[in-house]
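Proteins get letters first, then strands, A, B, ... in listed order; numbering begins at 1 in each.
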Protein chains: 2
Amino acid sequence: MALRNRSKFAILGILNIAPGSGYDIKKYCDTVISNIWSENYGHIYPMLKSLEKEGLIEQVSQENAGRKIQYRTTQTGKEELMSWLCEETLSQPIRSEFMLKFLFSNNLPKENGIRMLTEYREQQRVKLDGYYSMMNELESGIKEISEEREMYLRAVLRRAILSGESMIEWCDETTEIFRK
Amino acid sequence: MALRNRSKFAILGILNIAPGSGYDIKKYCDTVISNIWSENYGHIYPMLKSLEKEGLIEQVSQENAGRKIQYRTTQTGKEELMSWLCEETLSQPIRSEFMLKFLFSNNLPKENGIRMLTEYREQQRVKLDGYYSMMNELESGIKEISEEREMYLRAVLRRAILSGESMIEWCDETTEIFRK
DNA sequence: GGTTTCATGTAACATGTTACATGATTCT
DNA sequence: AGAATCATGTAACATGTTACATGAAACC
């Protein structure tokens with residue numbers, strides 16, 4: 001069975017939220033949804049061509065913008081997107097390099113494990129701080145987002161926060177155990 | 001800069017815990033460490049050849065086993081592994097198809113979101129149950145694992161449990177909000 | 001004797017990432 | 001004018017997944 005192309009629907013979905021260029025899509029991934037998705041140019045630009053060829057997106061007739069090529073979803077594109085949304089999501093294979101390293105490090109002195117935990121905790125803390133401020137921004141309601149969309153965005157952010165908090169909890173708990 | 005081959009060290013690390021065949025490695029990934037890592041045959045067998053060629057692993061002279069080719073890490077292999085363990089782990093790009101779908105589904109009726117959450121919660125619950133029983137097994141100490149190794153295994157399992165619990169918490173919380 | 005599990009392997013395909021090329025526009 | 005950022009694009013490379021082929025050994 002052929003794999004469903006996930007980048008395809010990611011890009012289609014992002015354009016469905018707000019029409020934009022390849023560059024805009026990259027920006028969106030690197031900021032707003034960096035905690036749940038990533039794309040790179042090597043995927044984005046060829047995919048935009050192919051989505052256009054398939055008739056799922058179309059160029060927005062631009063007058064103002066310079067070279068910028070803006071796309072938006074077509075009716076067909078919206079329909080394909082909806083049908084993907086309703087498909088069940090198969091659970092994806094998990095790969096956590098940190099956890100793997102940690103598991104393997106039982107031959108090294110315990111202090112080494114503790115150092116790994118400390119560094120990792122700090123990485124997580126920094127990310128978590130970022131999520132907290134995003135949540136603040138969202139809640140102060142500066143952005144021009146519909147209430148309905150905000151609800152979903154907030155849920156996704158909340159997920160990132162809970163997940164980060166849980167990771168920090170684990171780091172602390174495990175460090176404690178290792179110190180004893 | 002060339003990417004560091006993660007499968008390489010995963011396989012090397014697994015063989016360092018316990019010598020075994022390609023088949024054994026796959027088993028180990030699918031059971032013990034399924035919550036943190038996955039490998040498939042397409043990676044494992046060619047990588048075993050290449051690790052052997054590099055001198056990082058060697059075949060265990062077998063007498064008993066049939067066709068089974070068992071490998072173990074060499075001294076050089078152990079050293080390379082240790083040096084990888086001490087390298088800092090760069091944070092990996094995140095891709096959660098479920099979250100992406102959820103974020104995109106603001107055009108669908110709210111009930112749809114609630115259904116997604118319910119299904120996802122159930123998926124997580126089943127996994128979590130599996131982790132709980134693994135933890136029980138570990139704690140009853142049936143397996144022939146050194147105390148030191150057990151400590152690391154337990155930490156990794158504990159991580160999976162906390163992570164699952166946090167996910168379920170989020171599902172419940174979000175469902176509540178969506179019901180209002 | 002048949003079914004399941006063990007066991008190794010690979011070809012074809014699908015996806016993901018980096019590094020670079022190119023040049024316009026905006027900011028200072 | 002020079003630097004930073006915007007913007008599009010691709011070639012080369014790296015990684016990941018599936019489906020199938022093959023057959024031995026264990027189990028029932």
Discussion item. Hydrogens and angles aside, do Lys78(B) and Asn16(B) bring a side-chain donor and acceptor to less than 3.5 Å of each other?
Written reply: yes
Worksheet entry | Minimum-distance nucleotide (side-chain atoms of His43(B) versus dT8(D), dT17(D), dA7(C)) | dT17(D)
Discussion item. Considering every strand and a 4.0 Å limit on heavy-atom distances, what is the contact class for Lys26(B): base, sugar-phosphate, or nothing?
Written reply: nothing
Worksheet entry | Phosphate-side-chain proximity, Arg6(A) and dG16(C), N/O vs OP1/OP2 below 4.0 Å | yes
Worksheet item: Which part of the nucleic acid does Gly42(A) contact within heavy-atom distance under 4.0 Å: base, sugar-phosphate only, or nothing?
Response: base
Fill in: Protein-nucleotide distance (Ile11(A), atom CD1; dT8(D), atom P), rounded to Å
13 Å
Practice prompt. Tell me whether the OP1 or OP2 atom of dT17(C) has a side-chain N or O from Asn40(A) closer than 4.0 Å.
Written response: yes
Fill in: Residue met sooner reading DNA chain C from 5', once Asp24(B) and Pro93(B) are mapped to nucleotides
Asp24(B)
Response to the item:
Assign each of Tyr71(B) and Ser38(A) the nucleotide of DNA chain C bearing its closest heavy atom; nearer the 5' end lies the nucleotide of Tyr71(B)
Worksheet item: Lys49(A) side chain N/O closer than 4.0 Å to the phosphate oxygens (OP1, OP2) of dG9(D)?
Response: yes
Worksheet entry | Tyr45(B) OH - dT17(D) P separation (whole Å) | 17 Å
Worksheet item: At under 4.0 Å, does any side-chain N or O of Lys27(A) touch on OP1 or OP2 of dC6(D)?
Response: yes
Worksheet item: Partners of Asn107(A) by side chain to side chain donor-acceptor pair (under 3.5 Å), sequence neighbours excluded?
Response: none
Worksheet item: Can you find a side chain N or O atom of Ser7(A) that sits less than 4.0 Å from OP1 or OP2 on dT15(C)?
Response: no
Worksheet entry | Distance in angstrom units between Lys8(A) NZ and dG16(C) C1', rounded | 18 Å
Worksheet item: Looking just at side-chain N and O atoms, do Ser21(B) and Asp24(B) make a donor-acceptor pair shorter than 3.5 Å?
Response: yes
Worksheet entry | Arg95(B) CZ - dG16(C) C1' separation (whole Å) | 7 Å
Worksheet item: Which whole-number value in Å describes the distance from Glu52(B) CD to dT8(C) C1'?
Response: 14 Å
Worksheet item: How many Å lie between CG on Asn5(B) and C1' on dG16(C), as a whole number?
Response: 14 Å
Practice prompt. Mind calculating the distance between OH (Tyr23(B)) and P (dT5(C)) to the nearest angstrom?
Written response: 9 Å
With a cut-off of 3.5 Å and sequence neighbours excluded, list every side-chain donor-acceptor pair involving residues 109-119 of chain B.
from	atom 1	to	atom 2	distance (Å)
Asn112(B)	OD1	Arg115(B)	NH2	2.7
Thr118(B)	OG1	Ile114(B)	O	2.7

Discussion item. Just the rounded figure in Å: distance from C1' of dT26(C) to NZ of Lys68(A).
Written reply: 13 Å
Item to complete: Using a strict cut-off of less than 4.0 Å between a Lys/Arg side-chain nitrogen and an Asp/Glu carboxylate oxygen, indicate whether Lys8(B) and Glu54(B) qualify as a salt bridge.
Response: yes
